[in-house]
Novice: 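Dropping the structure in here first, questions after.
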Amino acid sequence: VEPQREPSPHFEFSPSPEPPPIQLLTHAGRPQRHYRLPARYEDIPPEGPAPLPPNLVPPERPTIRRVVLHVRDALRTGLNRFGLLREYLYRPSYDPDSSIPIQDLSNSMEPHVTSVDQHKECPPPPWPFTTMSMYLIMEWMITGGNQKSIAEVDRLVKEVLSHKAFSPGDLGGFSARRESRRLDAAETKQPETPFTGDGWIHSDIHISVPTGKRDPNGSGLDFSISGLYHRRLVPVLKAALVEVTAARFHLFPFKRIWRLPSDQEVRCFDEVYTSDAFIEDNVKLQKQQNEPGCRLEKVILGLMFWSDSTHLASFGNAKVWPIYLYIANLSKYIRAKPNLAASHHVAYIPSVSQR
Amino acid sequence: MNMLYYPDGLFLIAQLPDSIHDVITPGSEQAKVITHCRRELMQQVWHLMLDDEFVTAYEHGFVSDGIDGTPRRFYPRIFTYSADYPEK
């Protein structure tokens with residue numbers, strides 16, 4: 001029995017009620033083959049982990065607690081496209097992977113768009129001048145020849161008066177003497193090191209050097225080394241928790257498990273917060289007595305220190321010896337991203353030791 | 001300088017100045033004494049960095065609501081420390 005077909009609206013004007021199916025033909029008049037991309041060329045878009053299952057039973061807190069129960073609210077997420085799941089011992093109250101934009105999952109770099117208008121605008125006048133025009137005039141005065149010649153006047157017109165940042169209106173009340181004084185005063189000011197005001201502490205270190213002689217006091221020769229610049233660790237950690245990247249911190253460790261098609265499960269080690277060390281430390285912390293009067297969630301903030309003496313120049317032996325600190329709660333894929341802020345941090349190295 | 005990684009904190013350590021040679025008695029043990037001094041320096045640096053404030057935070061935690069506005073008590077734990085031998 002032929003099924004009843006309604007004429008589709010596309011063929012309304014077709015005289016025949018049953019239009020033949022459209023077949024694409026090759027030049028030779030044969031039906032075209034259906035080509036498929038080989039599987040190895042198939043581009044699988046990256047996918048974040050499967051979301052956490054919804055919290056159906058909210059944990060109830062009894063008002064009077066007599067027995068300390070360490071309730072584990074273990075849970076497993078579903079599988080994502082790649083067969084990966086997460087297994088938590090304690091239900092996390094925060095999941096940074098719940099909304100990862102696709103750009104952050106792939107390596108392809110978006111072209112950096114800079115606004116063109118930014119470059120068109122005039123830069124602020126160089127310190128200590130108040131307007132760009134004053135700076136241009138003063139720069140012309142103190143550079144070039146001592147006695148201004150024809151060439152110098154040409155330079156005045158070319159480099160100062162026709163400069164796009166030059167506007168005669170800015171020169172109201174201009175006095176070359178006063179501007180010179182301003183320049184001189186600025187130069188004699190104490191140079192501020194980048195370490196002032198940024199929580200940097202300069203400390204001297206005392207070590208005891210063995211003298212090889214028996215000392216009744218038991219101590220060697222005291223030797224003082226100057227030049228340790230450091231910051232207090234706790235404020236650095238507190239600052240790291242309010243930075244933009246903090247929204248990506250994994251506060252709760254978990255096991256990453258890969259389930260094979262044969263239902264066999266393989267543990268994946270990919271991050272510090274999926275390691276046994278982190279999980280064990282977290283279990284220990286959850287068992288630890290709460291601070292008196294504090295019922296806040298207890299969370300581990302993982303620290304990773306890295307130190308290596310760094311050569312500053314390709315010749316000579318100018319070296320610094322920095323210690324870097326990274327937060328382990330942040331995925332290595334974010335932690336290891338090239339960031340302009342990094343060079344900003346390291347650019348202000350002041351002291352160069354001679355060894 | 002090949003700095004690809006963005007550190008959350010940075011600390012700069014002094015190195016043994018040349019004047020250390022003035023206080024070390026010359027002799028066959030000189031190299032060993034220098035090694036000892038470098039190790040001592042590193043120990044003292046960590047002694048300064050792991051200050052009382054940090055130890056208190058390690059034991060009792062500190063409260064921050066920076067992640068999503070919910071206050072939580074954070075306990076710093078050191079998971080990795082990679083460094084070249086300071087005495088080298």
Side-chain angles (χ1 to χ4, degrees), chain A residues 94 203 205 207 209-212 221 223 225-234 236-238 240-242 246-247 249 272 277 281 285 291 294 296-308 310 320-328 336 338-339 341-343 345-346 349 353-355, chain B residues 1-20 23-25 27 29 32-33 36-37 40-51 53-54 56-57 60-68 70-84 86:
Chain A
Y94 179 73
S203 307
I205 301 162
I207 61 169
V209 180
T211 52
L221 199 61
F223 186 75
I225 299 157
S226 156
L228 168 72
Y229 284 94
H230 65 118
R231 293 153 85 181
R232 279 155 61 215
L233 262 175
V234 175
V236 169
L237 301 182
K238 284 182 175 164
L241 281 168
V242 294
F249 281 7
V272 181
D281 266 8
L285 179 65
E291 288 301 305
C294 178
L296 298 175
E297 207 169 9
K298 291 178 283 186
V299 176
I300 283 186
L301 189 65
L303 312 183
M304 303 167 82
F305 286 101
W306 180 69
S307 163
D308 193 3
T310 308
V320 288
W321 194 354
I323 296 183
Y324 304 102
L325 165 68
Y326 302 96
I327 303 292
N339 193 317
S343 51
H345 246 281
V346 185
I349 293 167
S353 136
Q354 293 302 308
R355 273 178 84 88
Chain B
M1 192 169 303
N2 186 19
M3 269 303 302
L4 277 181
Y5 299 92
Y6 174 49
D8 291 290
L10 177 68
F11 309 86
L12 292 170
I13 308 174
Q15 287 179 298
L16 281 181
D18 284 340
S19 54
I20 189 91
V23 293
I24 294 174
T25 38
E29 300 297 298
K32 275 186 187 170
V33 173
H36 169 83
C37 289
E40 280 292 293
L41 171 61
M42 201 63 182
Q43 297 283 339
Q44 290 301 318
V45 165
W46 275 105
H47 185 73
L48 272 171
M49 278 173 53
L50 303 178
D51 50 4
E53 192 186 20
F54 180 77
T56 307
H60 305 287
F62 64 89
V63 178
S64 171
D65 59 357
I67 305 278
D68 57 352
T70 313
R72 293 184 178 88
R73 192 169 275 276
F74 289 89
Y75 292 79
R77 294 286 181 267
I78 298 169
F79 282 104
T80 66
Y81 171 47
S82 36
D84 45 2

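Lettering of chains follows the sequences in order, A, B, ..., and the numbering in each one begins at 1. On a predicted model such as this, the values are computed, not experimentally measured, just so you know.
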Novice: Rounded to the nearest 0.5 Å, what separation is found between the CG atom of A:Leu325 and the OH atom of B:Tyr81?
Specialist: 12.5 Å
Novice: Would you check if A:Tyr326 and B:Phe79 make a side-chain contact, meaning some heavy-atom pair closer than 4.5 Å?
Specialist: no
Novice: Is there side-chain contact between B:Phe54 and A:Leu303, with heavy atoms separated by less than 4.5 Å?
Specialist: yes
Novice: What's the verdict on side-chain contact (heavy atoms from CB on, under 4.5 Å) for B:Arg73 and A:Glu297, showing C-alpha distance, side-chain angles and the deciding distance?
Specialist: CA-CA 6 Å; B:Arg73 192 169 275 276; A:Glu297 207 169 9; over 6 Å; no
Novice: Is the shortest side-chain heavy-atom distance between B:Arg72 and A:Val299 below 4.5 Å?
Specialist: yes
Novice: Considering only heavy atoms and a distance below 4.5 Å, find which of A:Leu237, A:Ile300, A:Val242 pairs most often with chain B.
Specialist: A:Ile300
Novice: Report the residues that fulfil salt bridge (Lys or Arg N to Asp or Glu O under 4.0 Å) with B:Glu53, sequence neighbours left out, ordered by chain and then residue number.
Specialist: A:Arg232
Novice: For the pair B:Tyr75 and A:Leu301, evaluate side-chain contact (heavy atoms from CB on, under 4.5 Å) and give the outcome as yes or no after the intermediate values.
Specialist: CA-CA 6 Å; B:Tyr75 292 79; A:Leu301 189 65; over 6 Å; no
Novice: Given the options B:Thr56, B:Asp65, B:Leu50, B:Leu48, which has more heavy-atom pairs under 4.5 Å with chain A than any of the others?
Specialist: B:Leu48
Novice: Can you confirm whether B:Leu41 sits close enough to A:Phe223 that some side-chain heavy atom of one is under 4.5 Å from a side-chain heavy atom of the other?
Specialist: no
Novice: Any heavy-atom pair between the side chains of B:Thr70 and A:Tyr94 that's under 4.5 Å?
Specialist: no
Novice: Give the C-alpha distance, both sets of side-chain angles, the deciding distance and a yes or no for side-chain contact (heavy atoms from CB on, under 4.5 Å) between A:Phe249 and B:Asp68.
Specialist: CA-CA 10 Å; A:Phe249 281 7; B:Asp68 57 352; over 6 Å; no
Novice: Take A:Phe305 and B:Thr80, measure what side-chain contact (heavy atoms from CB on, under 4.5 Å) needs, and give me the verdict at the end.
Specialist: CA-CA 6 Å; A:Phe305 286 101; B:Thr80 66; over 6 Å; no
Novice: So which of B:Glu40, B:Gln43, B:Arg77 has the largest heavy-atom pair count under 4.5 angstrom toward chain A?
Specialist: B:Arg77
Novice: Can you give me the closest heavy-atom contact between A:Val234 and B:Ala57, atom names plus distance?
Specialist: CG2-CB, 3.9 Å
Novice: Does B:Asp51 have any side chain to side chain donor-acceptor pair (under 3.5 Å) partners at least two apart in sequence or in another chain, and if so, which?
Specialist: none
